[in-house]
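Below is one structure, written out as structure tokens, with a few remarks after it.
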Amino acid sequence: MMKIFLDTADVSEIKRCWKTGLIDGITTNPTLIRKSGRNHEEVYQEIKDIGLTDISMEVIGSKENMISEGKRLYKKFGKVATIKVPCTPDGLLACANLSTDGIRVNVTLVFSVAQAVLSAKAGAKYVSPFVGRVDDNSFGGLCLVKDIAKLYREQMVTTEVLAASLRGVRDAARAFEYGSDIVTMPPKVFDGMYNHVLTEK
Ligand code: G3P
């Protein structure tokens with residue numbers, strides 16, 4: 001039911017937002033980890049210690065590398081670890097391999113319905129359409145979310161839609177309206193969800 005994830009590797013921001021009781025998980029990526037200036041595994045451990053039970057940890061490189069790194073992270077962090085792989089031929093082979101082992105996989109960098117079809121067939125737990133990035137390229141990011149959610153419903157696919165690359169409150173809310181199971185957003189977008197001019201008054 002409408003899960004809200006934070007798209008950040010900033011542990012103090014996660015702590016602050018976690019206190020609202022409304023956060024269901026975290027997504028990270030190499031850029032966010034770099035921005036935090038910290039070691040990725042330290043960051044994952046601290047997020048786990050806060051109490052989060054679903055943390056997307058991105059792996060990169062060859063198929064073999066993504067598989068071995070994914071398994072190692074799962075062994076180290078247990079069930080809180082969701083392994084994030086890119087939607088490429090190697091990424092989807094890694095997805096199939098890890099999923100078969102019962103590891104949750106988040107297929108990221110999804111820009112089309114066709115890619116969402118392949119991700120579901122590879123056993124992805126989550127598929128992450130990149131709303132903002134699609135918008136940046138003059139296609140409709142929210143339409144993509146809508147089309148994937150509709151397709152999964154019609155085909156009775158169990159892969160969940162995790163809308164990502166959300167930059168504003170309106171788009172975050174709309175992503176749910178269009179059928180997203182999960183929306184990941186920066187903490188400042190989450191904060192903004194509380195606001196309304198009439199509430200201020
Ligand atoms: O969840 C994906 C996100 O980290 C990328 O967001 O805003 O850089 O497209 P953005």
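Just so it is clear, the structure is predicted and the values come from calculations on it, not from any experiment. These values consider heavy atoms only, across backbone and side chains, with no hydrogens, waters or symmetry-generated copies. Just so you know, ligand 1 is whichever comes first in the structure, and atom 1 is the first atom listed for that ligand. Residue numbers count from 1 along this sequence.
Of the protein's heavy atoms, F130 CZ, 3.3 Å lies nearest to atom 2 (C) of ligand 1. Remark: minimum distance from atom 8 (O) of ligand 1 to any protein heavy atom is reached at R133 NH2, 2.7 Å. The nearest protein atom to atom 7 (O) of ligand 1, hydrogens excluded, is given as R167 NE, 3.0 Å; this is a heavy-atom distance. At the shortest separation from atom 3 (C) of ligand 1 among protein heavy atoms lies D7 OD2, 3.0 Å.
Between T27 and ligand 1, a contact under 3.5 Å exists for no N or O pair. Ligand 1 has an N or O atom lying under 3.5 Å from an N or O atom of N29, backbone or side chain. The shortest N/O to N/O separation between T184 and ligand 1 does not fall below 3.5 Å.
By the rule that hydrophobic residues join a cluster once side-chain heavy atoms approach within less than 4.5 Å of another member, F176 and L6 end up as members of one cluster.
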Practice item. Please lay out, stage by stage, how V80 and L52 fare under the test side-chain contact (heavy atoms from CB on, under 4.5 Å). Key: CA-CA 7 Å; V80 305; L52 273 301; over 6 Å; no
Practice item. I would like to know whether N97 and S99 meet side chain to side chain donor-acceptor pair (under 3.5 Å); could you show each step before the answer? Key: CA-CA 6 Å; N97 185 298; S99 300; over 6 Å; no
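Contact check on D101 versus K71 returns a salt bridge, with a Lys/Arg side-chain nitrogen under 4.0 Å from an Asp/Glu carboxylate oxygen. The existence of a salt bridge linking D7 and R167 is excluded, since no basic side-chain nitrogen approaches an acidic carboxylate oxygen closer than 4.0 Å. A salt bridge is defined here as a Lys NZ or Arg NE, NH1 or NH2 lying under 4.0 Å from an Asp or Glu carboxylate O, and E41 with R72 meets this definition.
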